[in-house]
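A short worksheet on the structure shown next.
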Amino acid sequence: MTPALPPPASGRSVLLTLGLLLSLLSGCTGTRRTLPQTPTAAAPFPPRLERVVTPFEVRRADGTPYAFPFLGGLDVPRPQWVDIDGDGDLDLFVQEVTNAVLFFENVGTATAPELVWRSDRFQDLDVGEWYRFVDLDADGDPDLLAEQPFSYIRYYRNDGDRPGPPRFVLAADTLRDVTGAPIFSDRQNIPNVTDIDCDGQPDLFIGRVDGTVMRYEQGSTDAAGIPRFRLVTDRFENIEIIGQIVGSLHGANTMAFGDVDGDGDEDLFWGDFFEPGLLLIENTGTCGTPSLRGEPVGFPPGNPLRTSGYNAPTLGDPDGDGDLDLLVGVLGGAFNANATAADNLYFLEQTPDGFPVRTRRFLDGIDVGSESVPALADLDADGDLDLLVANKIVPGEPNTSRIYLFENQGTPRQPAFHLTDSLALAPAFHYAPALGDLDADGDLDLLVGTWNEGIAFYRNEGTPQQPDFRLEAPGYVELTRGSNSMPALADLDADGDLDLLVGEASGTLNLYRNEGTPQQPAFRLVSDAYLDLDVGRRSAPTLADLDGDGDLDLFVGAESGGGVFLRNDGTPQAPHFVPNASFAPPLPFFATPVFADLDADGDLDLLVGTASGGLMYFRNER
């Protein structure tokens, strides 16, 4: 029998009295976007979560494994190779978000590299919008330059011993010129340092948004030994980069120097917001007398790189074969940034025949583009949890989002996810899936939140083993205001049917009570400002029994990262959610959390979607 659909849920006419509200705020089973998950016994609280990038096997559609499956995705990677620990091989740093740098240690050798993720926030250093490792004090180890908000140059001196881990000390809030004035470096441009004329003094290069380059050279040091720089020219070699788009003469830019042609002098690579590729300005002079006055040419010559623009290169010899290769982060410029929302870290290896692109996903992990939303459920009734991952919009396809299916081909204790399919759904943006048996026929149905079309209902016309989701109602539930609906299903009043909690763009929560039956749901709006909670922007609720006391607790992810935890101090029939600051996992921007026992050890782990389109996994170590 087809469940009767509710009339449109709208505001004031369906607000209930306080007494009725208290009667429905309850429940003991159910989890946002997953099967009911409850610890096997009273759980230690708060959970002790450990970030793990490679907890178990995850494979692409072609069967090859991801090297970093739960890295979290990349949208705007800014890479740099550097031997940070002085062991003779190149380690890798990548900035993806403001004020944090990812660190990958090379645990292999100079000729057989093996990168291992170590940290999302290397040494907790604040780096603003950019960073550069450079030996500024000429003591043989890399120091660190970074953005001092807003648009100045912070200097961290490395006081560590080589070989060994670095020890960065904040030496100056900004670099200064020889007059003592702070040096301005526009935060949307990424500068660089090299000894361009081989005189033993570092030169500082700052690209400007008009396409020109300023050159400073170290001229002195202050009383604390901090280098001071003298402006040599504000039009280095008369370079002026002109964008390819008509009417555009400039844009945000990046620079990298390296002797890519092996002739003993430093060449200049330039990435620009209005340039779809990477420009090379060859140094036709010598080490002591540089000359970079030639026309910029697309790189590699004859087959130039073409991306969405604003490319950030780094040069290094990670394979130890004696020549420089390129790693290029695509930050996304004027040429459809959505097209490179997932394919955005290009590795170009230097060979006798040129610089072929070896991969567009050098740090390969689950990455569906931008703003991922995960869901976990046993979609084939084989006793383990499968994985759905939705995105904001399909990279390179501007008309819809997509939900990808990663089938668990492992076991409950040792999951092994394999990308096998995507769901055939009506076109919309910002999919957000929630699974639950809405008609009590023994299989999982699907609610899908969208950007501005409310929540769609897809009934499962298949079986528990082979689901077949068919669109039954595109506007099944409409928000009274706002957009970006994020549904969560759970039995909040322990009456045997699923109620609905919905996050939205404004950061508040909407509660819909199921006034129907397990077979015929009928959702009625109780409150569009539930609990008076406001997480700022983009609330993403999830419900789970995190303390093992038999009722559902509430966790709400947010756009700004982190989230708000509310412990249930009530009962399954009458929950009482109370903010509790003792549980605050370090979540990414646009966090969309879901709790489930992914390794069948009796406690709840955490899986989180991110702004960058990947997933982060936190294993519960309690």
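When a residue number appears, it is its place in the shown sequence, counting from 1.
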* Asked: So, Ser612 versus Glu96: side-chain donor-acceptor pair below 3.5 Å or not?
  ->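 Yes, because at least one side-chain N or O of Ser612 sits under 3.5 Å from a partner of the opposite role on Glu96.
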* Taking every non-hydrogen atom, the tightest pair across Gly609 and Pro374 -> N-CD, 3.6 Å
* If every non-hydrogen atom of Ala591 is compared with every non-hydrogen atom of Gly562, which pair is closest and at what distance? ->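 It is CB-O, 3.9 Å.
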Salt bridge between [X] and [Y], side-chain N to carboxylate O under 4.0 Å?
X: Arg402; Y: Glu397; value: yes
X: Arg481; Y: Asp528; value: yes
X: Arg51; Y: Asp120; value: yes
X: Asp126; Y: Arg121; value: yes
X: Arg538; Y: Glu371; value: yes
X: Arg48; Y: Glu50; value: no
X: Arg470; Y: Glu472; value: no
X: Arg459; Y: Asp439; value: yes

For a 4.5 angstrom cut-off between non-hydrogen side-chain atoms, does [X] reach [Y]?
X: Leu489; Y: Leu500; value: yes
X: Pro585; Y: Phe618; value: no
X: Val101; Y: Leu125; value: no
X: Asn408; Y: Pro415; value: yes
X: Asp599; Y: Asn620; value: no
X: Asp445; Y: Phe457; value: yes
X: Leu405; Y: Leu419; value: no
X: Leu425; Y: Leu471; value: no

Distance-only, no hydrogens or angles: does the [X] side chain make a donor-acceptor pair with backbone N or O of [Y] under 3.5 Å?
X: Asp384; Y: Asp378; result: no
X: Asn391; Y: Gly369; result: no
X: Glu147; Y: Gln188; result: no
X: Ser401; Y: Lys392; result: yes

* Asked: Can you name the salt bridge (charged side-chain N to carboxylate O under 4.0 Å, His left out) partners of Asp343, sequence neighbours left out?
  ->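 Salt bridge (charged side-chain N to carboxylate O under 4.0 Å, His left out) list for Asp343, sorted by chain: Arg361.
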* **Residue pair Tyr152, Asp173: steps toward the side chain to side chain contact (heavy atoms under 4.5 Å, CB included) verdict** => CA-CA 8 Å; Tyr152 294 98; Asp173 59 354; over 6 Å; no
* To do: With ring pair (Phe, Tyr, Trp, His ring centres under 6.0 Å) as the test, would you mind laying out the steps for Phe523 and Tyr512 before giving the verdict?
  => CA-CA 5 Å; Phe523 294 107; Tyr512 295 82; 7.3 Å; no
* **Close aromatic pair by centroid cut-off 6.0 Å: Phe93 and Phe104** => no
* Within the 6.0 Å centroid threshold, strictly below: Tyr458 and Tyr476 -> no
* To do: Can you sort out the partners of Tyr131 under ring pair (Phe, Tyr, Trp, His ring centres under 6.0 Å), two or more places apart, ordered by chain and number?
  =>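 By the ring pair (Phe, Tyr, Trp, His ring centres under 6.0 Å) rule, Tyr131 matches Phe133.
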* Pick from Asp549, Asp551, Asp547, Asp553: which one makes a salt bridge (charged side-chain N to carboxylate O under 4.0 Å, His left out) with Arg567? ->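 When Asp549, Asp551, Asp547, Asp553 are each tested with Arg567, the salt bridge (charged side-chain N to carboxylate O under 4.0 Å, His left out) holds only for Asp547.
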